[in-house]
2 protein chains.
Amino acid sequence: MNIGEAASASGVTAKMIRHYESIGLIAEAGRTGSGYRTYGPKDLATLSFIRRARDLGFSIAQIRDLLALWQDRDRASADVKRIAAGHIKELTAKMRQLQEMVMTLQHLSSHCQGNDRPDCPILERLASGTGDDGGACCE
Amino acid sequence: MNIGEAASASGVTAKMIRHYESIGLIAEAGRTGSGYRTYGPKDLATLSFIRRARDLGFSIAQIRDLLALWQDRDRASADVKRIAAGHIKELTAKMRQLQEMVMTLQHLSSHCQGNDRPDCPILERLASGTGDDGGACCE
DNA sequence: GCTTGACCTTGACATCATGGGAAGGTGCAC
DNA sequence: GTGCACCTTCCCATGATGTCAAGGTCAAGC
């Protein structure tokens with residue numbers, strides 16, 4: 001199986017497969033006589049694993065650990081769960097940050113007339129940091 | 001005012017101030033005879049503006065537009081509001097993605113015993129993509 | 001055999017915002 | 001006149017991915 005086929009079968013681009021190989025996330029692929037990389041079912045499974053993990057937002061470092069656990073028959077599921085828990089925590093923290101930004105922006109935006117006049121609470125807030133701070137006020 | 005003072009007063013690192021200058025986000029700072037950058041109150045205000053905008057998650061490109069509007073006395077608040085609305089949309093989309101990841105992970109995690117045994121629905125899901133898909137099942 | 005087109009190879013560079021560090025010049029206080 | 005904190009420029013790194021370029025390979029058709 002060529003890298004192109006492995007890419008479309010796993011959903012990981014050929015570029016990224018080479019990249020993952022270069023950083024040691026996956027083992028070096030076998031080669032044909034002319035230098036083409038070859039992939040078997042096992043490699044495909046690994047690539048698909050990586051892709052699903054990326055889809056869940058795991059970092060390469062985390063995936064490295066997950067792969068090691070996956071390939072360790074004597075793993076403890078607690079180790080996997082711990083990685084997942086840490087990741088959930090990170091994601092939740094990011095979400096909360098975004099949430100705060102959105103709330104502030106929505107609040108400012110709701111007080112911006114959005115017309116031809118120049119006065120705008122959004123700019124005022126960016127300019128001075130004072131003024132409306134997003135707290136409850138009128139709803 | 002030196003770059004260091006401007007940095008601590010505005011909350012933008014000296015490193016980033018130089019960077020913003022190099023990419024043309026801010027005007028070139030004045031210089032002393034020996035080449036040190038100097039900053040006045042106006043520059044400080046701009047830097048603080050940038051920092052607050054970054055805190056709200058605006059990209060450099062968006063900040064470039066916001067700065068232009070801020071410095072345009074004939075601006076229409078509608079233009080500002082449009083930028084903010086676009087940004088809110090982006091942030092909301094990201095939040096939703098994270099939300100989905102978190103929900104999937106929490107679901108998988110809740111079914112992982114987290115003990116010394118190797119069986120783990122998280123790894124199974126990453127390995128096969130099949131099995132528990134996060135749908136309602138027991139609660 | 002030869003051409004064509006799709007695929008592969010490596011390598012370099014871009015993104016986005018930021019941090020780190022090296023090597024050398026400047027300012028000020030003791 | 002020395003020491004230290006600060007400044008300067010320049011280069012490299014992050015993380016995950018994309019793009020592009022120059023060249024090699026394979027298989028099919030003529």
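So that the names make sense, note that chain A is the first sequence line, chain B the second, and so on, each numbered from 1. Nothing here was measured: the structure is a model prediction, and the numbers come from that model.
Taking atom CD of residue B/Glu28 and atom C1' of nucleotide D/dT9, one finds them 14 Å apart after rounding to whole Å. Atom C1' of nucleotide C/dT9 and atom CZ of A/Arg31 are separated by 8 Å, given to the nearest angstrom. Rounded to an integer number of Å, the gap from NZ of A/Lys94 to P of D/dG15 is 12 Å. Separating the CD1 atom of B/Ile17 from the C1' atom of D/dC7 is a distance of 13 Å, rounded to the nearest angstrom. In this entry the distance linking NE2 of A/His87 with P of D/dG15 reads 15 Å, nearest Å. Taking atom CZ on B/Phe58 and atom P on C/dT18, their separation rounds to 15 Å, with Å as the unit. Atom CD in A/Glu5 sits roughly 15 Å away from atom C1' in D/dT25 (whole-Å rounding). Atom CD in B/Glu21 sits about 18 Å away from atom P in C/dA17, given to the nearest Å.
Not one N or O on the side chain of B/His111 forms a donor-acceptor pair closer than 3.5 Å with the backbone of B/Ile122.
When the side chains of ILVMFWY residues are joined at heavy-atom separations under 4.5 Å, either directly or via intervening members, B/Leu44 and B/Tyr36 end up in two distinct hydrophobic clusters.
The residue among B/Lys15 and B/Asn2 whose nearest nucleotide of DNA chain D lies closer to the 5′ end is B/Asn2. Mapping B/Met16 and A/Ile3 onto DNA chain C by nearest heavy atom places A/Ile3 at the nucleotide closer to the 5' end.
At C/dT9, none of the side-chain N or O atoms of A/Ser34 fall inside 4.0 Å of OP1 or OP2 (strictly under the cut-off). Applying the 4.0 Å criterion to OP1 and OP2 of D/dG18, one finds that A/Thr13 has a side-chain N or O inside that range.
Nearest to the side-chain atoms of A/Tyr36 among the listed nucleotides C/dT9, D/dG24, D/dC26 stands D/dG24. Listed candidates were D/dT8, D/dA16, C/dT18. Nearest to the side chain of B/Arg37 is D/dT8.
Taking a cutoff of 4.0 Å between a charged side-chain nitrogen and a carboxylate oxygen, B/Arg37 and B/Glu21 qualify as a salt bridge.
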Apply side chain to side chain donor-acceptor pair (under 3.5 Å) to residues B/Ser77 and A/Asn115 and explain how you reach the verdict. CA-CA 6 Å; B/Ser77 65; A/Asn115 57 16; 3.2 Å; yes
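Of the residues listed (A/Arg82, A/Arg75, A/Lys81), the one engaging A/Asp79 in a side chain to side chain donor-acceptor pair (under 3.5 Å) is A/Arg82, and it is the only one.
Among the heavy atoms of the strands lying under 4.0 Å from B/Tyr20 are primed sugar atoms or P, OP1, OP2 only; no base atom is included. At the heavy-atom level, B/Arg18 lies under 4.0 Å from base atoms of the strands shown. In this structure, B/Thr32 reaches neither bases nor backbone, as no heavy-atom distance under 4.0 Å exists between it and the strands shown.
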